Every structure is written in C-alpha cells, then in structure tokens.
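What follows is a short report on a single structure.
None of the values given here were measured: they were computed from a predicted structure.
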Amino acid sequence: MKKGEIYEGIIEKIEFPNKGCIQVDDQKVIVKNGIPGQKVKFVIQKKRSGKVQGRLLEVLEKSPLETRKPVCSSFPACGGCMYQTMSYQDQLKMKERQVRELLEPVLIRGGQADEEGQADYLWEGIHGSPVEFGYRNKMEFSFGDEYKDGPLSLGLHKKGSTYDVLNTDDCKLVHRDMTDILTCVRDYFREKNISYYKKMQHTGYLRHLLLRRGVTTGEILVHIVTTSQEEHDLEPLKNLLLDLQLDGRIVGILHIINDSLSDVVKSDETRILFGQDWFYENLLGLKFRISTFSFFQPNSLAAEVLYSIVREYIGETKGRTVFDLYSGTGTIAQLLAPVAKEVVGVEIVEEAVAAARENAALNGLRNCKFVAGDVLKILDELKEKPDVIVLDPPREGIHPKALPKILAYGVDRIVYVSCKATSLARDLESFLEAGYRVEKACCVDQFCETVWIETIAVFSKNPAEIKVQEK
C-alpha cells in the first residue's frame, strides 16, 4: 500500500471513538467517519510503523445497520453527528462494546482477572439518554461558506473539513429554538453582506454563534462572536431576535469580541446587548446558574442519569470529606453536599468556580468549598484530606503528574467519570499499580448520534465483594 492509492473495503467494526476498521488482504486500515457494515471507497493517507490510515471518499453500499432515514437535510455531509441512520439500540450496543474492549484488556494485564482469564469486575451496561434528539443545551455554530467564495453560511463543519461550513438549519441535536435563532442571525448578516473570519488570512468579522438553552427552564443565551476588525450596529439584530416566536425565552444577548488566532470561542471583551450573561437550569432538584463559559453537561436529562449513578457509586458520605476534582460548576459537589461533612471542588476555569460558589449559595449549601486553579498545583496547597474522591477530568484525562498525587491520598473509594474512554483506559494502569481494583463500571450516552460516550468507573482499595460479570 502506498500513499494516494485508492481501495475499496467493508468497515468490519468501529473502534472508539470513530475508527473504522477495514481489512485489505493482511493489512488493517483505519478509515474514520463510517458506519459498521458500509462498503466504502478510500484513499491511503498515512502509512507509518505498519499502521495504515485512509480517508473516506465515498460510501458505495449502505450498512445493514442503517435501518432509518436521516432526520436532517445535512446528513451525511455534516460532521455534527454520525449515526442517525442506525437505530438507537444499535448505537448503544456499539458504544458499549467499544468501551469494554478498551477497559477489559487493561484489567486483565493488570491482574484483575478471574480463573478463566476474564476481567473480574461488575459491568453494569449502558444507559441511554432519556431523549434521543433535541437534547443539547449548548451548541457552537461557525460562520463561513459551504464552498469557496460562496454565500455566507452558519452552522456546523462538513465532515472531515476545517473550513467548509454547512447551513444546518434543521439540526436535530438541538431544540427548534436554536435553529430558529441560527437562521435569523445568518439571514441578517447575509443581507448586510458582512464578512466572516478567514482562518488562514486572519481577516474578517463574523466567527461563531454560541447558543445555550436550559432544557428544563427554556432560558436562552445568545452570543454573537466576532473579531474587532470591523464595527457594526447589532441593535437591529437584537430586536429581530427578541421578536422571534420561541418556545423558550431569550434572557441574554451578548456580543463577544475574540481576536484569538485559534479557532475557539473565547472572550477578549464581552458586551451585553440585552438582559444578562447567565441562565438557569434545574438538575435533580437543584438550581444551577450557568454563564457563557461555565462547564455544564451538554445533555441535561442524561446528566441526571449520570449524576444519579455517580451518587450511587460513591456510597455513604455521611461525616466524610469529598474531593470533587475538575468540578466545573460544582454539580457533583452540590449533589453530594447534603449528606457529606464537606465537599471540596477544584476547577481551573475561574468563571466556573465563581458560578459554583453562586450555585451553592443559591441551593443553601454551606459545606461546599470551591478552589480555582490547576489540580496539579492545588493538591499541594490544600490542608484538607479526602475520604472519597470524584474525578471528572476533560477529554485528555488526568495530568500524568497529578495522578500520583491523587492516588497518594490512599482513599478507599474513587469514582472516575470519563468523557473519553481511551483516557480512562490509559489512567487505569496507574490505578491498578497503586493497589486499586475496578469494582464496577457502566456507560451513559449523553451524545446520541455522535461518536462520544461517558464512562463511570468506581475504584476500591478494599472492595467488599467483587461480582463477576456473566460472560
């Protein structure tokens, strides 16, 4: 096989997160962005150290698993979701298999195996989202064009493309309110013939539309993200947005100035055009105030499932000190606080820490302490010692220098919430070396139709009784 050569093959399975495996003679080729069972045409992109990676060119034959029609007009070109033509049950089965195939070989190599050589822990399956579509409470849409020098577009990127942006007017991952706002914003700027930011030349005005909507409250924040290269009056757009007939209610419209060279939503300056810079969401009987950059699980209803399991996995916390590391807006900390002696949350995003403190006060919780800073450094400064630890790190997992500090506490119970199973599998080796065992684990699907899945594992120093999952 040589770079640039074109082949055909059938995707035999998908490895986490979206690596399609195709066998060509005796060579395994990884081709992303496909569905198990599809016959595809692909071009060889890379060949290094015996590993071959191809780029999908065309789907020649549908997969037998594609039993549903697309629910939006942008599928399959859009990179926003992958699996909407598969039944939801088949999506769940595939994701569950992917996670187990990552975790169980590590357990076996680490000595946590039964007499038959199988991973010795309790696997508790996969929990689906309460709703399959319209679940996202946050979405970042990009300005651009669908093809070079085409009209202004606003939506999600084409699959595998850094530059081409599709008009995703009927995206089904979000509530209809969000797509109504999207079309209003795009049509306004298109009529005004206002430029979008070109990432290679670093010129132009429009960058992103960031929308956040409380699933339980219907409260909406609208963020227009631009550069400072031009000045435009956004008052007419504000009035158009406020005149929209929505199911929910816009509580804030913000203009964010972002001159960063990187393609991320960040603020050099934020101007409030209307209302406020926060909204409310309810979760498991608690109220949370969420601002522009506060981390909050993107699927509120599935987050309730996730956090209920976390609370169950943690077990008895009465009279105990809990460390909630990578605590975000303090959701887990506040759910545990009513039955704990004290909960200490550590989070690097200062805005999220401020929101966590406000939320704790809002919910009348006085035994929550939130510290702003990097877990790696803050653990050296904390005087408290934990009895239980909860970990909910970002996708890249726990910093390799922070992990030994966490394990050095020697607590008898650690719950790890992972949004990237490969990071959990990597960190798992350190837990096993430190004398921990995985007592039980499961998945929660917060990202229906996409490649992502949340995994929860509980580690125990002295497990009472490890039940062996039936094989």
Side-chain angles (χ1 to χ4, degrees), residues 6 18 32-34 40-43 45 55-59 69-82 84-85 136 138-211 222-234 236-238 240-241 244 253 255-266 449-450:
I6 294 175
N18 68 333
K32 294 182 178 180
N33 300 325
V40 298
K41 181 187 290 186
F42 59 95
V43 60
Q45 252 185 332
R55 178 170 58 84
L56 181 68
L57 295 176
E58 183 184 355
V59 175
K69 292 182 179 179
V71 297
C72 76
S73 59
S74 300
F75 186 87
C78 178
C81 62
M82 292 283 300
Q84 57 171 271
T85 52
R136 286 195 66 95
K138 176 185 177 183
M139 188 68 99
E140 293 176 9
F141 297 107
S142 299
F143 288 96
D145 51 22
E146 291 196 33
Y147 54 90
K148 190 176 180 182
D149 299 325
L152 180 70
S153 59
L154 175 58
L156 300 173
H157 286 271
K158 280 186 181 178
K159 195 179 293 179
S161 172
T162 308
Y163 303 103
D164 299 332
V165 176
L166 296 168
N167 286 303
T168 48
D169 297 17
D170 59 346
C171 176
K172 294 299 187 292
L173 298 186
V174 297
H175 190 279
R176 176 64 184 269
D177 284 353
M178 289 197 185
T179 49
D180 284 350
I181 291 169
L182 178 151
T183 54
C184 174
V185 171
R186 183 202 59 222
D187 292 350
Y188 174 82
F189 285 123
R190 184 183 281 181
E191 184 181 328
K192 298 288 184 183
N193 197 30
I194 293 176
S195 67
Y196 72 88
Y197 180 74
K198 296 185 177 180
K199 286 177 275 191
M200 293 297 289
Q201 294 92 338
H202 307 302
T203 58
Y205 181 66
L206 299 168
R207 299 195 70 160
H208 296 93
L209 172 67
L210 167 61
L211 301 177
V222 179
H223 309 79
I224 313 294
V225 186
T226 76
T227 68
S228 64
Q229 295 180 23
E230 301 173 16
E231 279 288 341
H232 296 280
D233 181 13
L234 299 181
L237 175 59
K238 180 196 79 173
L240 284 173
L241 289 170
L244 289 174
I253 302 175
H255 179 198
I256 294 177
I257 312 297
N258 174 20
D259 285 319
S260 169
L261 295 182
S262 58
D263 189 30
V264 295
V265 176
K266 56 181 291 189
E449 323 314 318
T450 80

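For R176, the CZ atom counts as loosely surrounded, since its 6.0 Å shell holds 12 or fewer non-hydrogen atoms of other residues, nucleotides or ligands. Annotation: Q201, atom CD; neighbour count of heavy atoms from other residues, nucleotides and ligands within 6.0 Å is above 12. Within 6.0 Å of NZ on K41 lie no more than 12 heavy atoms contributed by other residues, nucleotides or ligands.
Side-chain contact between L241 and Y188 is absent, with no heavy atoms from C-beta onward closer than 4.5 Å. For the pair V174/T179, a side-chain contact is recorded, criterion being any heavy-atom separation below 4.5 Å from C-beta on. Residues L244 and C184 meet the side-chain proximity criterion, which asks for heavy atoms closer than 4.5 Å. For the pair D259/H202, no side-chain contact is recorded, criterion being any heavy-atom separation below 4.5 Å from C-beta on. K148 places none of its side-chain heavy atoms less than 4.5 Å from the side chain of Y163. Within the 4.5 Å cutoff, the side chain of K172 has no heavy atoms near those of the Q84 side chain. In this structure, T227 and N258 have side chains that are not in contact, with every pair of non-hydrogen atoms separated by 4.5 Å or more. Side-chain contact check for R207 versus I256: every heavy-atom pair is 4.5 Å or farther apart.
Listed here is the closest heavy atom pair of Y205 and E230: CE1-O, 3.3 Å. Closest non-hydrogen pair, S195 versus G204, comes out as OG-CA, 3.6 Å. Shown here for I253 and K238, the closest heavy-atom pair between the two residues is CD1-CG, 3.7 Å.
Each of D145, D180, D169 was scored for a salt bridge (charged side-chain N to carboxylate O under 4.0 Å, His left out) with R186, with one residue passing: D169. A side chain to side chain contact (heavy atoms under 4.5 Å, CB included) with L156 is found for exactly one of N167, L173, T168, namely T168.
A donor-acceptor contact shorter than 3.5 Å links the side chain of K199 to the backbone of T162. Of the possible polar contacts, none joining the R55 side chain to the V43 backbone as a donor-acceptor pair under 3.5 Å is found. For S153 (side chain) and G144 (main-chain N/O), a donor-acceptor pair under 3.5 Å exists by modelled atom type.
Between L206 atom CG and R190 atom CZ the span is 12.0 Å, to the nearest 0.5 Å. Between the CE atom in M139 and the CG atom in L211 there is a gap of 9.0 Å [rounded to 0.5 Å]. To the nearest 0.5 Å, the span separating CG on L154 from CG on D187 amounts to 9.5 Å. Annotation: the span from F189 atom CZ to L209 atom CG amounts to 9.0 Å, rounded to 0.5 Å. Separation of atoms CD (E146) and CG (L152) is listed at 10.5 Å; rounding is to 0.5 Å. With rounding to the nearest 0.5 angstrom, the NE2 atom of H157 is 9.0 Å from the CG atom of D164.
With a 6.0 Å cutoff to the six-membered ring centre and a 45° limit on the axis angle, K159 counts as a cation-pi contact of F75.
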Give the intermediate values and the outcome of side chain to side chain contact (heavy atoms under 4.5 Å, CB included) for residues L210 and K138. CA-CA 7 Å; L210 167 61; K138 176 185 177 183; 3.8 Å; yes
Show, in sequence, the C-alpha distance, side-chain angles and deciding distance for R136 and C171, and conclude whether the side chain to side chain contact (heavy atoms under 4.5 Å, CB included) test is met. CA-CA 11 Å; R136 286 195 66 95; C171 176; over 6 Å; no
Quick one, V225 with F141, criterion side chain to side chain contact (heavy atoms under 4.5 Å, CB included). Give me CA distance, side-chain angles, the key distance, then yes/no. CA-CA 10 Å; V225 186; F141 297 107; over 6 Å; no
After noting the C-alpha distance and the side-chain angles of Y197 and Q229, does the key distance pass the side chain to side chain contact (heavy atoms under 4.5 Å, CB included) rule? CA-CA 9 Å; Y197 180 74; Q229 295 180 23; 4.0 Å; yes
